[in-house]
Student: 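Shown below is the structure under consideration.
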Amino acid sequence: MNCSISGEVPEDPVVSKKSGLLFEKRLIETHIAMKRRIIQGTQHSSKIPKKLFHKDYGKCPITGEPLTLDDLVPIKTGKIVKPRPVQAASIPGMLGMFQNEWDGLMLSNFALEQQLHTARQELSHALYQHDAACRVIARLKKERDEARSLLATAERPFPVSANAIPANVSGLSNGKRAAEDDEMAHGGKKMHPGITSAIISELTDCNAALSQQRKKRQISTTLAPVESIEAYTQISSHPFHKTSKPGIISLDILYSKDLIATGGIDMNAVIFDRPSGQILSTLSGHSKKVTSVKFVAQGESLLTSSADKTVRVWQGSEDGNYNCKHILRDHTAEVQAVTVHATNNYFVTASLDGTWCFYDLSSGTCLTQVADTSGSSEGYTSAAFHPDGLIIGTGTTDALVKIWDVKNQSNVAKFDGHTGSVTAISFSENGYFLATAAHDGVKLWDLRKLKNFRNFAPYDSETPTNSVEFDHSGSYLAVAGSDIRIYQVANVKSEWNCIKTFPDLSGTGKVTCVKFGPDSKYIAVGSMDRNLRIFGQPSEDTPTES
């Protein structure tokens with residue numbers, strides 16, 4: 001029989017007269033005689049079982065009845081010899097015991113690892129939620145401060161000339177603001193606050209940081225090598241846009257999430273999750289074709305420009321949908337291009353009205369609208385920020401490429417020599433090269449010496465080059481027209497070899513846009529049918545062809 005307190009065979013057994021329960025003598029006597037103050041001083045002793053720490057001392061620990069030392073009757077027994085387990089009687093049995101102990105230890109270790117994994121997942125989720133909450137709070141604070149600043153500006157007395165427009169004339173302006181109170185009668189031009197010294201300081205600091213990083217930059221070891229690109233073929237095709245107005249004319253990729261955005265002639269933009277092969281959202285609102293789409297690398301924003309003269313800022317939500325946050329109406333003609341600054345706080349739009357606008361992303365405010373003061377009347381057909389963010393390149397309808405200084409909004413260089421409108425421009429990641437595309441092909445410019453050092457004329461005189469794009473590492477250059485050609489980037493003196501040519505599988509003969517995926521692991525292509533095509537390694541784990 002076992003002790004009612006310890007559960008073990010007692011060495012000195014006693015029996016309670018009242019309950020008939022068997023106890024170890026030293027344990028039950030200690031329990032009966034122990035005072036609370038003694039317990040408080042010795043409760044951490046490992047020799048006293050936890051069952052003794054009962055709030056009612058002097059009572060039976062099992063039944064709770066009053067119990068004294070006189071109620072205990074000792075039992076005379078022989079010396080108890082604990083029997084040896086049967087398994088311990090032989091070496092195989094002992095090995096079996098060890099194996100069972102080892103299995104139990106491994107199962108316990110596995111259970112602990114599962115609990116650790118679950119705890120890590122819960123901690124990661126909590127940290128993500130905390131980070132998202134901090135970003136939302138920061139954005140709300142920034143919007144609050146901007147609203148206060150705008151309110152303080154609006155409350156100041158503003159001098160109005162005699163020929164100013166009437167105060168009751170109102171219209172739609174940026175985003176959801178009701179009235180264009182910044183529109184004056186002097187030539188009907190809008191008054192913009194300008195790029196402040198604080199913004200210029202922010203742009204300069206960003207330029208210095210990126211320039212320093214670029215000097216130490218190493219090509220990623222995960223970048224797709226030339227041999228892989230040579231083996232690329234079409235691995236999927238996804239029909240997004242309407243059949244009544246087919247044509248994808250712009251696309252962009254958000255590398256951090258591997259999302260692809262396309263803009264079509266059907267007036268819609270589509271956001272596509274490439275790993276899952278699912279459409280996340282279709283953005284409707286423009287009244288004419290979507291000419292350009294650009295993701296903001298940080299946050300959940302997408303910019304779209306359109307031939308309806310507007311630019312829209314779309315804000316992503318947790319459910320995967322995108323809502324229109326701002327509608328920008330500062331241009332008077334088709335908006336052909338939009339490009340985002342490296343800080344992800346500002347962006348520039350370029351239009352056929354011959355101006356480009358510099359915007360604050362969070363508020364949708366046009367800080368300045370710049371026109372060429374040389375008297376030329378050409379419109380802008382393309383635009384791109386330099387990787388360091390202090391200069392902008394723009395292409396025009398008159399075959400010119402113009403380089404602008406963002407800080408003082410001045411035209412610092414002009415490149416000529418193209419034929420027809422400049423359809424696309426792209427800066428190399430090293431900051432030295434600029435590639436431009438037009439009706440006569442592609443020209444490469446050395447920004448250090450401001451001269452053209454190489455030309456590509458991949459198509460006949462009737463076929464324009466519609467797109468040119470450096471990859472994110474600056475190792476490859478993609479050219480698109482009646483097909484897609486991939487060149488390996490070299491230097492000014494070395495030859496830029498064409499390493500792969502992909503045919504236009506749309507049957508239209510017009511490839512309109514091309515973009516490298518993360519680490520050039522795939523190439524996204526849009527053309528004048530309604531399909532987004534992905535070219536990559538056939539063995540990759542990619543979504544099946546739609």
Student: Quick one: pull up NZ in Lys25 and SG in Cys3 and give me the separation to the nearest 0.5 Å.
Tutor: 14.0 Å
Student: Looking at Ser301 and Val296, would you say the former's side chain and the latter's main chain have a donor-acceptor pair under 3.5 Å?
Tutor: no
Student: If a pair satisfies salt bridge (Lys or Arg N to Asp or Glu O under 4.0 Å) and one of its residues is in residues 91-107, list it, with sequence neighbours excluded.
Tutor: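 Matches after skipping sequence neighbours: none remain.
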Student: Scan for salt bridge (Lys or Arg N to Asp or Glu O under 4.0 Å) pairs involving residues 110-125, sequence neighbours excluded, and state none if there are none.
Tutor: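 Qualifying pairs: none.
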Student: Give a yes or no on whether the backbone of Arg533 and the side-chain of Asn531 come within a donor-acceptor separation of less than 3.5 Å.
Tutor: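 No, Asn531 side chain to Arg533 backbone: no donor-acceptor pair under 3.5 Å.
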Student: Going by heavy atoms in the side chains, are Val313 and Cys324 under 4.5 Å from each other?
Tutor: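 Answer no - side chains too far apart.
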Student: May I ask you to decide if Leu367's main-chain N or O and Thr365's side chain share a donor-acceptor pair within less than 3.5 Å?
Tutor: no
Student: Rounded to the nearest 0.5 Å, what's the gap from CG on Asp388 to CG on Leu203? Could you check?
Tutor: 11.5 Å
Student: Checking salt bridge (charged side-chain N to carboxylate O under 4.0 Å, His left out) for the pair Glu202/Lys407: CA distance, chi angles, key distance, verdict?
Tutor: CA-CA 11 Å; Glu202 180 183 359; Lys407 293 188 291 186; over 6 Å; no
Student: Would Phe433 and Phe427 count as a ring pair (Phe, Tyr, Trp, His ring centres under 6.0 Å) here? Give the steps.
Tutor: CA-CA 6 Å; Phe433 303 139; Phe427 287 97; over 10 Å; no
Student: Do Thr262 and Ser250 make a side-chain contact, defined as non-hydrogen atoms from C-beta onward lying under 4.5 Å apart?
Tutor: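 Thr262 vs Ser250: side chains apart.
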Student: Answer with yes or no after comparing the ring centroid distance for Tyr359 and Phe347 against a 6.0 Å cut-off, counting only values under it.
Tutor: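 They qualify: ring centres under 6.0 Å apart.
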Student: Short question: side chain of His386, backbone of Gly431 - any donor-acceptor pair under 3.5 Å?
Tutor: yes
Student: Salt-bridged, Asp131 to Arg135, with N to O below 4.0 Å?
Tutor: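 Salt bridge flag = yes for Arg135 with Asp131.
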Student: Just by modelled atom types, is the Thr68 backbone N or O under 3.5 Å from a matching donor or acceptor in the Asp71 side chain?
Tutor: yes
Student: May I ask you to check whether Ser281 and Asn321 show a side-chain donor-acceptor distance below 3.5 Å?
Tutor: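 Judged by distance alone, the side chains do not pair up.
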Student: Distance check, rounded to the nearest 0.5 Å: Leu280 atom CG versus Phe272 atom CZ?
Tutor: 9.0 Å
Student: Kindly compute the distance separating CG (Asp519) from OG (Ser228), expressed to the nearest 0.5 Å.
Tutor: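 The distance works out to 11.5 Å.
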Student: Assess whether a salt bridge exists between Asp258 and Arg274, defined as any Lys/Arg side-chain N lying under 4.0 Å from an Asp/Glu carboxylate O.
Tutor: yes
Student: Quick one about Gln121 and His125 (side-chain donor to acceptor, distance below 3.5 Å, no hydrogens or angles considered), yes or no?
Tutor: no
Student: Using 0.5 Å steps for rounding, measure from the NE2 atom of His117 to the CG atom of Leu112.
Tutor: 14.5 Å
Student: So, for Tyr346 and Phe358, is the gap between ring centers shorter than 6.0 Å?
Tutor: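 Yes - the distance between ring centres of Tyr346 and Phe358 falls below the 6.0 Å cut-off.
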Student: So, does His341 use its side chain to make a donor-acceptor pair with the main chain of Thr343 at under 3.5 Å?
Tutor: yes
Student: If you measure from the Lys or Arg side-chain nitrogens to the Asp or Glu carboxylate oxygens, is any gap between Glu469 and Lys515 under 4.0 Å?
Tutor: yes
Student: For atom CG of Leu127, is the number of surrounding heavy atoms from other residues, nucleotides or ligands below 6.0 Å larger than 12?
Tutor: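 Yes, the 6.0 Å shell around CG holds more than 12 heavy atoms from other groups.
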Student: Measure centre to centre between the rings of Phe516 and His472, then say whether the value is under 6.0 Å.
Tutor: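 They do not qualify: ring centres at least 6.0 Å apart.
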Student: For the pair Thr30 (side chain) and Arg26 (backbone), establish whether a donor and an acceptor sit closer than 3.5 Å, ignoring hydrogens and angles.
Tutor: yes
Student: With a 4.0 Å cut-off on N to O distance, would you call Glu227 and Lys500 a salt bridge?
Tutor: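 Salt bridge absent between Glu227 and Lys500.
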